[in-house]
*Asks:* 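I am attaching a structure below and will ask some questions about it afterwards.
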Amino acid sequence: MSDKKYMKRALELAMNGCGFVNPNPMVGAVIVKDKEIIGEGYHEAYGMFHAERNAIKNCKKSPKGATIYVTLEPCCHYGKTPPCTKAIIESGISKVVIGSLDPNPLVAGKGIEILRNNNIEVVEGVLKEECDCINEVFFHYIKTKTPYVVMKYAMTMDGKIATYTGKSKWITGDTSRKRVHKDRHKYSGIMVGVETVLLDDPMLNCRLENSKNPTRIICDTNLRTPINCQIVNTANKIPTIIATSNADKEKQKLYVDKGCRIVVVPKKDNHIDLKELMYMLGKEKMDSILLEGGGTLNWSALQSGIVNKVQTYIAPKIFGGEKAKSPISGLGVNCPQESFYLSNIKVTKIDEDILIESEVVSKCSQE
Ligand SMILES: NC(=O)c1ccc[n+]([C@@H]2O[C@H](COP(=O)([O-])OP(=O)(O)OC[C@H]3O[C@@H](n4cnc5c(N)ncnc54)[C@H](OP(=O)(O)O)[C@@H]3O)[C@@H](O)[C@H]2O)c1
């Protein structure tokens, strides 16, 4: 097998940690000796051993003189677990093949330096793009200390997210909706505007087996969330935050008594300040949020610059209707030159639906 094939296997292993390791990165490792895989491991959950240590622990033969393939540069600092560079050096491994560099300022090339200073051969950048891709959340969070925000919506081919009567169940097919649930498992939080709660009374949980629920966040400046809605009624079982500017302790207590957590956020332009909310959630180690709208909150989120990625599911349906809502509302830009600019477009066909994913670069400034 070539370096790329072993790294591909390490990538597959890394993906097993999806949804369980946040705010840590997903990492996989494979140890090879005499062209045979003698040990495999991955980072299984936050606070648990890293991939390299698990792979060394699982070796069926001595790793002395072996090569380890690891999707991310080994760490060299004491965190919840001791440094992986130490484990590699002590194991007698003689070569380390790395996918991504670790942008964590505590590592950032120092892991590689320590290995080389201990006479271990290091090869960098094998399947770098693929390895970088699985950790877009970690790379963003470690640099900004704010959550990576993915704005997701499902719309018809005429760009509607609900009918003129406000009904939106369902727009896309089963397979697309299953994929959304995988993302609910993958990301740490899920966020909606209070109007979506008032109109749809959603659960916002993850309905897949062996999955975890994201923390539900309702943006509700004035505490209008119905006290008997499904989210509040299940807040004792599923973590729930109501982000509000309403300081009325008695009103807040009604939600707290049912298991919700109130996060008080200052106001900006009559609503909670989304940027400030992101700083607050980042401090609590929330590394990622799936933003599920509706259109009013989506517009504010884009305008405040907190959105990193847009996921548009398009169903082969047409709702029509002047009053039927579109995914982004608010005031909108006044000319095409003011558009939000998206890049790195990825298009995936999902049964009859189409998913378009793209990164938000900035507000367009072209002529
Ligand atoms: N197809 C889909 O993918 C999809 C997904 C979600 C929703 N929907 C549909 O979208 C519709 C609801 O959308 P909507 O646009 O009416 O409302 P929305 O975006 O769900 O909620 C808007 C409300 O959020 C509150 N909010 C708190 N902080 C805010 C901020 N910084 N910026 C903006 N708003 C903030 C505001 O009320 P306060 O200021 O009082 O807090 C605002 O009125 C429903 O019909 C639902 O079915 C469809």
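For ligands, and for the atoms within them, numbers begin at 1 and follow the listed sequence.
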*Asks:* I'd like the residue list for ligand 1, meaning every protein residue with a non-hydrogen atom under 4.0 Å from the ligand.
*Replies:*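 Heavy-atom contacts below 4.0 Å: Tyr153, Ala154, Ile161, Gly166, Ser168, Ile171, Gly193, Val194, Glu195, Thr196, Leu199, Asp200, Cys219, Asp220, Thr221, Asn222, Arg224, His271, Ile272, Leu274, Glu292, Gly293, Gly294, Gly295, Thr296, Leu297, Ser300, Lys325.
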*Asks:* Check whether Thr234 reaches the backbone of Ile238 with its side chain - one donor and one acceptor, N or O, closer than 3.5 Å.
*Replies:*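 Absent.
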*Asks:* Under a 4.0 Å threshold between the charged nitrogen and the carboxylate oxygen, would Glu124 count as salt-bridged to Arg116?
*Replies:*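 A salt bridge is present here (some side-chain N lies under 4.0 Å from a carboxylate O).
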*Asks:* So that I can tick it off, tell me whether Glu130 and Lys8 are bridged by a salt bridge, with the cut-off set at under 4.0 angstrom between side-chain N and carboxylate O.
*Replies:*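 The answer is no: the pair does not qualify as a salt bridge.
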*Asks:* For Asn213 and Asn205, does a side-chain donor sit closer than 3.5 Å to a side-chain acceptor?
*Replies:*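 The criterion, which ignores hydrogens and geometry beyond distance, is not satisfied for Asn205 and Asn213.
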*Asks:* Can you label the angle between the Tyr148 ring and the His140 ring as parallel, tilted or perpendicular, going by 30° and 60°?
*Replies:*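 Correct class here is perpendicular.
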*Asks:* So that I can tick it off, tell me whether Arg216 and Glu292 are bridged by a salt bridge, with the cut-off set at under 4.0 angstrom between side-chain N and carboxylate O.
*Replies:*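 Arg216 and Glu292: not salt-bridged.
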